[in-house]
Amino acid sequence: MTIKSYVQRVFQSVYFKYAVVCVIGVLLVGFLDDNSLWSHFKNRQHIDELTEEKEKYEADFARDQAQIKELERNPKAIEKIARERYFMKADDEDIFQLSDDDRDAKPLETDERVE
């Protein structure tokens with residue numbers, strides 16, 4: 001039996017049209033449709049990313065709630081934050097802010113123009 005006769009038998013077979021319909025159906029369901037398996041896979045990845053982000057925000061929320069409770073219980077904590085972040089001071093003290101910047105000394109520019 002030659003290849004040509006084998007191909008003709010396959011195309012004329014009763015099962016060929018069923019196989020073609022099944023392959024097209026799998027392609028539609030698997031890749032081309034809006035509700036395809038590929039879309040479900042991408043959506044599942046997006047859900048996992050959002051879940052991780054949600055867990056991060058929940059941890060931040062719990063930390064912030066603990067800080068709020070500490071501030072409500074301890075007035076010294078409020079004073080500490082005011083001193084560190086906002087450079088507030090008591091009436092009898094001075095605050096000096098030291099800079100760690102390494103600046104190059106610029107020469108003074110004189111405006112000595114002879115006209």
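Remember, it's a predicted structure, so these values are computed and weren't measured experimentally.
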Problem set entry | Rounded distance [0.5 Å steps], CG in L37 versus CZ in R44 | 12.5 Å
Exercise. Any chain of hydrophobic side-chain contacts (each under 4.5 Å) joining V26 to W38?
Worked result: no
Problem set entry | T51 side-chain N/O to I47 backbone N/O, donor-acceptor pair under 3.5 Å | yes
Problem set entry | side chain to side chain contact (heavy atoms under 4.5 Å, CB included) involving N74 - partner list, sequence neighbours excluded | E70, K76, A77
Exercise. Just how far is it from atom OG of S39 to atom NE2 of H46, taken to the nearest 0.5 Å?
Worked result: 13.0 Å
Problem set entry | Heavy atoms of other groups near H40 NE2, more than 12 under 6.0 Å | yes
Atom pairs and distances, side-chain donor-acceptor, residues 55-64, under 3.5 Å, sequence neighbours left out:
residue	atom	partner	partner atom	Å
D60	OD1	R63	NH1	3.3

Problem set entry | Exercise: identify the closest heavy-atom pair between L71 and I81 | CD2-CD1, 3.6 Å
